[in-house]
Amino acid sequence: MWLLGATAATALALMLWGLPADDPKPITTGHQVEAGQKIILTTDAPDPHNLTESYYERLSSERFEKAVRVVINSVFFRSSGQDLTTAGTYIEMASRFTEPALLGLAILAVRNRVKR
């Protein structure tokens with residue numbers, strides 16, 4: 001139950017403060033050269049923007065789905081790969097520390113019940 005509660009709290013925190021307003025789109029720039037020369041391209045990803053909308057507008061089904069995906073990927077599969085705001089990065093780091101410990105305790109509790 002604690003694991004489910006911590007996962008739900010992390011998803012809610014990511015919905016409110018962790019997910020950026022829009023997904024940052026990578027920008028590729030380069031130099032046009034003559035035929036037969038190498039093309040030099042540089043791709044930069046802009047920093048995620050913090051949210052400016054109200055808390056009520058942040059609680060949408062799309063943001064909920066993204067937040068749950070980030071939490072499950074970061075807790076169970078190591079890294080979400082999602083661009084997060086600064087607060088979101090810290091929320092993900094905290095969840096990656098606490099929630100696997102809760103998962104281990106849940107596994108031990110189930111094991112103890114089954115052993116009897």
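- Considering only residues two or more places apart in sequence or on other chains, Ser95 meets the side-chain hydrogen bond (donor to acceptor under 3.5 Å, both in side chains) condition with none of them.
- The minimum heavy-atom distance linking Leu84 with Glu92 is given by the pair CD1-OE1, 3.5 Å.
- Rounded to the nearest 0.5 Å, atoms CZ (Phe64) and CG (Leu14) are 11.5 Å apart.
- Residue Arg96 holds its CZ atom at 14.5 Å from CD1 of Ile91, rounded to the nearest 0.5 Å.
- Note that CG of Asn112 is 12.0 Å distant from CG of Leu105, once rounded to the nearest 0.5 Å.
- Residue Tyr90 shares its hydrophobic cluster (ILVMFWY side chains chained together at separations under 4.5 Å) with Met93.
- Among residues two or more places apart in sequence or in another chain, the side-chain contact (heavy atoms from CB on, under 4.5 Å) test is passed with Ala11 by Ala67, Val68, Val71.
- Applying the side-chain contact (heavy atoms from CB on, under 4.5 Å) criterion to Ile107, with sequence neighbours excluded, gives Leu103.
- For Ser60, the side-chain contact (heavy atoms from CB on, under 4.5 Å) test picks out Glu62, Arg63, with sequence neighbours left out.
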